[in-house]
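Reminder, nothing fancy here: chain letters follow the sequence lines and each chain counts from 1.
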Amino acid sequence: MRLATWNVNSLTARLPRVLEWLEQQAPDVLCIQETKIAEENFPHAELRELGYVAATYGMGQWNGVATITKVDAAEVTRGFDEEPGFPDPEARALAVTWNDLRIWSLYVPNGRTPDDPHYDYKLRWLAALRVALAAEREAGRKLVVCGDFNVAPNDRDVWDMAAFEGSTHVTQPERDAVKALLELGLTDLQPRIVKGEPFTYWDYRAGNFHKGLGMRIDLMLLDEALTPKVKDVWIDRDARKGKKPSDHAPVVVDLD
DNA sequence: ATGTCACAAACTTTGTGA
């Protein structure tokens, strides 16, 4: 079984790359983020031609999350209880039941800068998410929680900690908020190191990708009961290359 | 590092968000 997560940075702009990737890697489940597409414009027909079905949550322009599965997913929920907005709710969380798994596709608020109201929103959002996930966990669901967390959990998950002085993504409150999710019984699956890097995101600017200046902010959190079944966790770095790439690469987990 | 990319509104350019 192959599960993957990928911030596509506009499904409209990325559709050819996403379709090509689905054909090449044939995941059973692909969670995508930053679809930036309204429900009525979602490319269901193109996906169906490849044998996929999508569950979607999008308001257009910004944010937007979805799951793309080979078999139709059930019990689709958009957002979660007590989810904060900025000020209104945004399309940042979608969960589906697929086989015996409860799969979440998340796009955590960026935070902008630590002194911005968006940073407080990010922390409140993550705290509310924890409550929602705890409820599902207590109901006995096997959780897969993946997406763009906009948090680098460890120092090794950025190219140079000194470059992040005063920046979001690496602050202790953000890392604590992610750690609090793991304490629900989830494992932050560690991808194989490629070219000495665990990175999943590289800024488009300044040739950062080619200089190895990236971050690991796209995470795959797996119910710890399932971790013995993990065969491989890897980043498809090649998806960051070539024509019109997303600034994120897919994270893939292969399970028995 | 501030070099790119994507979006929308008003347009062939700019402000915003990442």
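- The salt bridge (charged side-chain N to carboxylate O under 4.0 Å, His left out) analysis of residues 117-132 of chain A, with sequence neighbours excluded, yields the pairs A:Asp120-A:Arg124, A:Lys122-A:Glu174.
- A distance of about 23 Å separates the P atoms of B:dA6 and B:dA10, rounded to the whole Å.
- For A:Gln190, the side-chain contact (heavy atoms from CB on, under 4.5 Å) partners two or more places apart in sequence, or in a different chain, are A:Arg156, A:Asp188, A:Arg216.
- Checked against salt bridge (Lys or Arg N to Asp or Glu O under 4.0 Å), A:Lys244 has no partners two or more places apart in sequence or in another chain.
- B:dG15 and B:dG3 have their P atoms separated by 15 Å, with the value rounded to a whole Å.
- Remark: A:Tyr204, A:Arg205, A:Ala206, A:Lys211 in residues 198-219 of chain A come within less than 4.0 Å of DNA chain B through at least one heavy atom.
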Verdict with reasoning, A:Asp100 to A:Lys142, per salt bridge (Lys or Arg N to Asp or Glu O under 4.0 Å):
CA-CA 7 Å; A:Asp100 61 340; A:Lys142 285 185 200 147; 2.7 Å; yes
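- Using a 4.0 Å heavy-atom distance criterion, A:Phe86 is classed as making no nucleic acid contact.
- The salt bridge (Lys or Arg N to Asp or Glu O under 4.0 Å) check on A:Asp238 picks up A:Lys241, with sequence neighbours excluded.
- Legend: residues meeting side-chain contact (heavy atoms from CB on, under 4.5 Å) with A:Asp160, ordered by chain and number and at least two apart, are A:Ala162, A:Ala163.
- Under the 4.5 angstrom side-chain criterion for Ile, Leu, Val, Met, Phe, Trp and Tyr, A:Val131 has no cluster partners at all.
- With sequence neighbours excluded, the residues forming a ring-ring contact (aromatic ring centres under 6.0 Å, His included) with A:His118 are A:Phe86, A:Tyr121, listed by chain and number.
- Two residues, A:Ser167 and A:Ala13, neighbour DNA chain B, and the one matched to the more 5' nucleotide by heavy-atom proximity is A:Ser167.
- Scanning residues 116-127 of chain A for heavy-atom distances under 4.0 Å to DNA chain B yields an empty list.
- Every residue two or more places apart in sequence or in another chain was checked for a salt bridge (Lys or Arg N to Asp or Glu O under 4.0 Å) with A:Asp72, and none qualifies.
- In this structure, A:Gly60 and A:Pro109 both approach DNA chain B, and ranking their closest nucleotides by distance from the 5' end singles out A:Gly60.
- B:dG17 and B:dT2 are spaced 14 Å apart, taking the C1' atom of each and rounding to whole Å.
- Salt-bridge check for A:Arg137 with A:Asp223: passed, with a basic side-chain N closer than 4.0 Å to an acidic carboxylate O.
- Bracketed by its first and final contacts, the part of DNA chain B lying under 4.0 Å from non-hydrogen atoms of chain A reaches from B:dT2 to B:dA18 in 5' to 3' order.
- Nucleotides B:dA18 and B:dT12 place their P atoms 26 Å apart, quoted to the nearest Å.
- Scanning for salt bridge (Lys or Arg N to Asp or Glu O under 4.0 Å) contacts around A:Glu46 gives an empty result, with sequence neighbours left out.
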